[in-house]
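Here is the structure we will look at, set down as structure tokens.
Side-chain atoms are counted along with the backbone in the values below, which use heavy atoms only and exclude waters and symmetry mates. Keep in mind it's a predicted model, so treat the numbers as computed, not measured.
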Number of protein chains: 2
Amino acid sequence: MDNIEELNAEQRIIEAAADVFEESGFDGARMQQIADKAGINKALLHYYFRSKDLLFEKVFLIVAERIFSGFIKAFEEDGTIFQKIELFLTKHQELLYKNRRFPIFFFNEISRNPTLMKKLVAKLEFNNRFKNLILQLENEKEAGIIRQDVDVKHLMINIVSLSVFPYIGRPVIKEIMSDFGYNYEKFLEERKTVVANFVINSIKA
Amino acid sequence: MDNIEELNAEQRIIEAAADVFEESGFDGARMQQIADKAGINKALLHYYFRSKDLLFEKVFLIVAERIFSGFIKAFEEDGTIFQKIELFLTKHQELLYKNRRFPIFFFNEISRNPTLMKKLVAKLEFNNRFKNLILQLENEKEAGIIRQDVDVKHLMINIVSLSVFPYIGRPVIKEIMSDFGYNYEKFLEERKTVVANFVINSIKA
DNA sequence: TATATCTTTGACCAATTGGTTAAACCAAAT
DNA sequence: ATTTGGTTTAACCAATTGGTCAAAGATATA
């Protein structure tokens, strides 16, 4: 959303709020700052969204849905499990790279208010979307393509862990890397292929 | 620190502050709440630590050092790389399980104030402590114990990712798991062996 | 006992913050 | 031209928050 001026007040508020909340978190965010960034009076925030809590919840769900639905589709395309993993990792990395501040913001806010996750899960219909993937994994296990001892739950979490953690731990990794003379950005670039290989090596029969 | 009454005021403040900051984050934490939990007057906080910022920094570094030095040693023991990985994962999981709220707190605060990480790295002497591990990995690579294409940086991040992410994403995973009829605590328990196997499968020659 | 130093407190303050309200603005309908 | 409805604003408010300060307690020293 570059041309924020063209949007109407309500939409400008949402974009501004997304930005400020992501930058400072719920507790650190200031209604005045959101109003300034949206180019409107502070009272208008309350006119459209009643309270900081309600504004936050609405914005949080909008942004989270935007990002999640971006890569959740990767698992719904056709292809072998290896292809799906590679496709997911590519899309995931792409999205993370464009939204570096999102992961830590997301997990932090969810930790402070787990109810948000219930609402998000309901909105995104996780359950339905992953059923086929689970079936496919069981099939490929029996077909001898992947190891017998692979567990779907753990595999999924492993993939997401490996993909998203470098963004959550960005400043930590960056600092340690530079301490060793490595470059963080180069590291992220390498990771696009490294992670896929790591996962596939680990599960193929 | 169970018997908080036996400590002197300054120590009680540190323990109370650690608790409140970990629970609410820097922005969400209230000096009054820390004072209450420490059983002292709010003015005493400022007598000992001057400001919220200084109190936070001191407490953050104390808690982070406590936890980091707990598992960093795992890599300094003798043994093959496989043994070290298993030892690290065991210790790491143990510590994470006892300090569930720490990871998200830690990474969130570091993201908002990366300077903290500089101070922590200096305090913990990361560089010196990992040199030997890197040498060992190169040796075992040449000896044909682990794959030629294993990269030390990525391997380290992979291990930490797989280990710590389930705690960062706790409410997220919990919600999705229950949506599928799985149990999160059981999942964590399984993970102790699953992760080690996953990593070792992936790197052994 | 008197004095000096460190510890602890209650009362207080200035600044900030989320939120309210009454009035002004403005486009469309009559 | 006037009314009507939604939109936007400036001014304001009550509550909270980090922080201060002078005085009271406590402890050790002489």
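Every residue two or more places apart in sequence or in another chain that forms a ring-ring contact (aromatic ring centres under 6.0 Å, His included) with A:Phe26 is listed here: A:Phe56. Residues passing the salt bridge (Lys or Arg N to Asp or Glu O under 4.0 Å) test with B:Lys123 are B:Glu65, sequence neighbours excluded. Annotation: ring-ring contact (aromatic ring centres under 6.0 Å, His included) contacts of B:His154 (sequence neighbours excluded): A:Phe187. Judged as a salt bridge (Lys or Arg N to Asp or Glu O under 4.0 Å), and not counting sequence neighbours, B:Arg30 has no contacts. By the salt bridge (Lys or Arg N to Asp or Glu O under 4.0 Å) test, B:Glu10 pairs with no residue at all, sequence neighbours left out. By the salt bridge (Lys or Arg N to Asp or Glu O under 4.0 Å) test, A:Glu140 pairs with no residue at all, sequence neighbours left out. For B:Phe106, the ring-ring contact (aromatic ring centres under 6.0 Å, His included) test picks out B:Phe60, B:Phe68, B:Phe102, with sequence neighbours left out. Residues satisfying the ring-ring contact (aromatic ring centres under 6.0 Å, His included) test with A:Phe165, not counting sequence neighbours, are B:Phe107.
The stretch residues 40-52 of chain A touches DNA chain D through A:Ile40, A:Asn41, A:Ala43, A:Leu44, A:Tyr47, A:Tyr48, each having a heavy atom within less than 4.0 Å of the strand. Contact check of residues 54-64 of chain B against DNA chain D (heavy atom, cut-off under 4.0 Å) returns no residues at all.
Donor-acceptor pairing under 3.5 Å is recorded for the side chains of B:Gln32 and B:Asp36.
With a heavy-atom cut-off of 4.0 Å to chain B, the contacted part of DNA chain C has its first and last nucleotide at C:dC6 to C:dG10.
Note: CD (A:Gln11) to C1' (D:dT7) measures 15 Å, nearest angstrom. Put simply, CZ on B:Arg30 is 14 Å from C1' on D:dG19, counting in whole angstrom units.
Residue B:Ala35 is out of contact with every strand shown, counting any heavy-atom pair closer than 4.0 Å.
Under the salt bridge (Lys or Arg N to Asp or Glu O under 4.0 Å) criterion, the residue pairs touching residues 73-85 of chain A are A:Glu76-A:Arg129, with sequence neighbours excluded.
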